[in-house]
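Everything on this sheet refers to the single structure shown next.
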Amino acid sequence: MMNKGKKIMALAMTGTMLIGTIVLPVRAAMIASEEPIEGVNVVLEEYCDEVVASNAAAQISDVEAATDQAVQEAVQTPAPTPVQQETADVDDEQDEVEGHVELNLNYSRLGIASNVDTYLNVRKKPSTSAKIVGKMTKNSGCHIYSIKKGWAKIVSGQVKGYVKASYLSTDQKAEDLVSKVGRNVVEIQTDSLRVRALPTTDAPIYSIVSEGEEFTIKKDNLTLEFVQKIIDKEKISKDFIERAGGLEAISNSMSNFICIYVDNEYAFVSKEYVKERYSLKRAVKVKTVKASKSSGVSSGQASIVEYAKQFLGNRYVWGGASLTGGTDCSGFTMSLYAHYGYSLPHNAAAQAGVTRKVSSPKPGDLFFYSNGSRINHVAMYIGGGMVIHASNPRDGIKISNAYYRRPVKIGRVMN
């Protein structure tokens, strides 16, 4: 594992209708746990055939990079262009100053959005009435170009604009915060990387992730003892382990893998196709969604997306369904739609079972993701190739590239 103080190469990324009665027998304990529930096998059979088939295939290539064609077969909508390195138009200042911690963003003067409860709006102009062009969740980092009349001109990720300077920690205070609020991550270095359920290329595919995405590291120097703890914690069956080649094969290959968090679960990526970095969160671009006949976006769809953004940065709580006090992924989408009079179950797979499958997403649609055997995560599409979701306890409710993982279904609730 990299030391937090160690310098790492700098690189930038990036009308009401009611759902019919749910006939799935949902048990209370399963609602909270996101475990597969009785009666939803049809969901996986219909929407996860490609993933399950990949897991069962005996001739999986040792090369971890999947083809673009395979990604397009799962969802017809193409993934957005990978996040590019932050532009170096930092006036004539040096990208790095002696004593600065090297991060996943270029900066000469560091700012960290530490003085906020949830998020900080980035505006097009230095005025509270100016258009919002992005949002920085708590403890996101930025480069500060200048501070004038209480406004800081900043760049963070792909977002440039102005923020209230009082909400930022700056200069040495920001530098001192880095080791407390940053984290070790892997940055995906190849298009469509297969993430494995165990640390071997013979293991079933957990998910497929996109180039340029960052995932927090759980452990980079794997031991058999650590892997066994994961097996016990996740209750991985002996049959599943045998499909991965057995413990001996896992032991022989685990030095080539890193354990990462994918939302709120563990998975493994090949070291060959990632870069380890020390990272601060960055701003994300946001656009106001408006109803439009030309785009086919209804007033309800626009409204629910804008409503969802209010809760950015709020807590993730496993089994929760409070938009302000804490929620998990399906509790988040369930509560958003409940506000508009729609009934959804508190389970990602069950939500997939009661939504209409579509190929081209519109704001308010739900993106469903699988761990290779079951749908285990759900997010809401907010337009512009982005989703908002309750991801994990480290990030809470966040905005991500909709294709940070390969979705297995896009479901529509509201027309």
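Ser279 and Glu214 share a side-chain donor-acceptor pair at under 3.5 Å. Looking only at atom types and distance, the side chain of Asn371 has a donor-acceptor partner in the side chain of Ser373 under 3.5 Å away.
Just one of Leu110, Val185, Asn139 meets the side chain to side chain contact (heavy atoms under 4.5 Å, CB included) condition when paired with Leu280; it is Leu110. Of the listed residues (Leu336, Thr118, Thr327), just one forms a side chain to side chain contact (heavy atoms under 4.5 Å, CB included) with Phe311, and that residue is Leu336. Screening Val155, Val286, Val284, Ile154 against Val122 for a side chain to side chain contact (heavy atoms under 4.5 Å, CB included) leaves a single residue, Ile154. The one candidate from Gln228, Lys229, Lys235 that meets the side-chain hydrogen bond (donor to acceptor under 3.5 Å, both in side chains) condition with Asp232 is Gln228. Only one option out of Cys259, Ser255, Ser251, Ser253 pairs with Leu222 in a side chain to side chain contact (heavy atoms under 4.5 Å, CB included); it is Cys259.
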Derivation and outcome, side-chain contact (heavy atoms from CB on, under 4.5 Å), residues His377 and Arg405 | CA-CA 10 Å; His377 194 67; Arg405 295 168 63 181; 3.6 Å; yes
Which is it for Asn392 and Tyr261 under the side-chain contact (heavy atoms from CB on, under 4.5 Å) test, yes or no, and what are the steps along the way?
-> CA-CA 9 Å; Asn392 57 66; Tyr261 291 99; 5.8 Å; no
Verdict with supporting geometry, Tyr337 and Met380, side-chain contact (heavy atoms from CB on, under 4.5 Å) | CA-CA 10 Å; Tyr337 270 103; Met380 177 180 285; 3.6 Å; yes
Lys138 and Asp117: salt bridge (charged side-chain N to carboxylate O under 4.0 Å, His left out), yes or no, with the steps?
-> CA-CA 7 Å; Lys138 185 178 179 66; Asp117 292 330; 5.8 Å; no
Please lay out, stage by stage, how Lys309 and Val305 fare under the test side-chain contact (heavy atoms from CB on, under 4.5 Å).
-> CA-CA 6 Å; Lys309 292 177 186 175; Val305 166; 3.8 Å; yes
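What you find for His389 and Val378 is that their closest heavy atoms are CB-O, 3.9 Å. Looking at every heavy atom in both residues, Gly364 comes nearest to Ile304 through CA-CG2, 4.1 Å. Across every non-hydrogen atom of Val227 and Pro199, the tightest pair is CG2-CG, 4.0 Å. The heavy-atom pair separating Ala165 from Ile147 by the smallest distance is CB-CG2, 3.8 Å. Here the shortest heavy-atom pairing between Ser370 and Asn376 reads C-OD1, 3.5 Å. Taking every heavy atom of both residues into account, Ala130 and Lys125 meet most closely at CB-O, 3.4 Å.
The side-chain heavy atoms of Tyr145 and Lys160, taken from C-beta on, include a pair separated by under 4.5 Å. Contact annotation: the side chain of Thr288 approaches that of Glu306 to within less than 4.5 Å [non-hydrogen atoms, C-beta and beyond]. A 4.5 Å side-chain heavy-atom check between Arg406 and Ser192 finds every atom pair outside the cut-off. The side-chain heavy atoms of Val413 and Thr333, taken from C-beta on, include no pair separated by under 4.5 Å. The shortest distance between side-chain heavy atoms of Tyr316 and Asn264 falls below 4.5 Å. Proximity of Ile132 to Arg123: side-chain heavy atoms (C-beta onward) are separated by under 4.5 Å at one or more points. Using a 4.5 Å heavy-atom threshold, the side chains of Asp263 and Cys329 count as separate. Side-chain contact check for Leu224 versus Met254: some heavy-atom pair is nearer than 4.5 Å.
For Tyr369, the ring-ring contact (aromatic ring centres under 6.0 Å, His included) test picks out Tyr404, with sequence neighbours left out. Not a single ring-ring contact (aromatic ring centres under 6.0 Å, His included) links Phe226 to another residue, sequence neighbours left out.
Side-chain atoms of Ser335 come within 3.5 Å of backbone N or O of Gly331 as a donor-acceptor pair. Without hydrogens or angle criteria, Lys362 side chain to Gly296 main chain gives a donor-acceptor distance under 3.5 Å. Judged by distance alone, with hydrogens and angles left aside, the side-chain atoms of Ser156 form a donor-acceptor pair with the main-chain N or O of Ala283 at under 3.5 Å. Side chain of Gln351 to main chain of Pro345: a donor-acceptor pair is present (N/O by atom type, distance under 3.5 Å, no hydrogens or angles). In this structure a side-chain-to-backbone donor-acceptor pair under 3.5 Å is missing from Asp220 to Ile258. Checking side-chain atoms of Asp176 against main-chain N and O of Lys173 turns up no donor-acceptor pair under 3.5 Å. Proximity of a side-chain donor or acceptor of Ser400 to a complementary backbone N or O of Ala402 within less than 3.5 Å is not detected. Counting only distance, with no hydrogens or angles, the side chain of Glu272 and the backbone of Asn256 share no donor-acceptor pair below 3.5 Å. Not a single donor-acceptor pair under 3.5 Å links the side chain of Glu213 to the backbone N or O of Ser210. Checking side-chain atoms of Ser237 against main-chain N and O of Phe240 turns up a donor-acceptor pair under 3.5 Å.
To the nearest 0.5 Å, atoms CD (Glu211) and CD (Glu187) are separated by 8.0 Å. Atom CG of Asn115 sits about 7.5 Å away from atom CG of Leu168, to the nearest 0.5 Å. Atom CZ in Phe368 sits 12.0 Å away from atom NZ in Lys357 (nearest 0.5 Å). Note: Asn314 CG to Lys398 NZ = 15.0 Å, rounded to the nearest 0.5 Å. Rounded to the nearest 0.5 angstrom, Arg194 CZ and Ser207 OG are separated by 12.0 Å. Going from atom OH of Tyr340 over to atom CE of Met414 covers 7.0 Å, rounded to the nearest 0.5 Å.
Remark: Gln172 CD is packed, more than 12 non-hydrogen atoms of other residues, nucleotides or ligands lying under 6.0 Å away. Within 6.0 Å of atom NZ in Lys131, 12 or fewer heavy atoms from other residues, nucleotides or ligands are found, so the atom counts as exposed in its surroundings. Within 6.0 Å of NZ on Lys287 lie no more than 12 heavy atoms contributed by other residues, nucleotides or ligands.
Figure legend: cation-pi geometry between Arg196 and Phe257 absent, as NZ or CZ is not positioned both under 6.0 Å from the six-membered ring centre and within 45° of its axis.
Note: Tyr206 and Phe268 fail the aromatic proximity criterion, with ring centroids not under 6.0 Å apart.
Salt-bridge formation is detected for the pair Glu265/Arg374: a Lys NZ or Arg NE/NH1/NH2 atom is positioned less than 4.0 Å from an Asp or Glu carboxylate oxygen.
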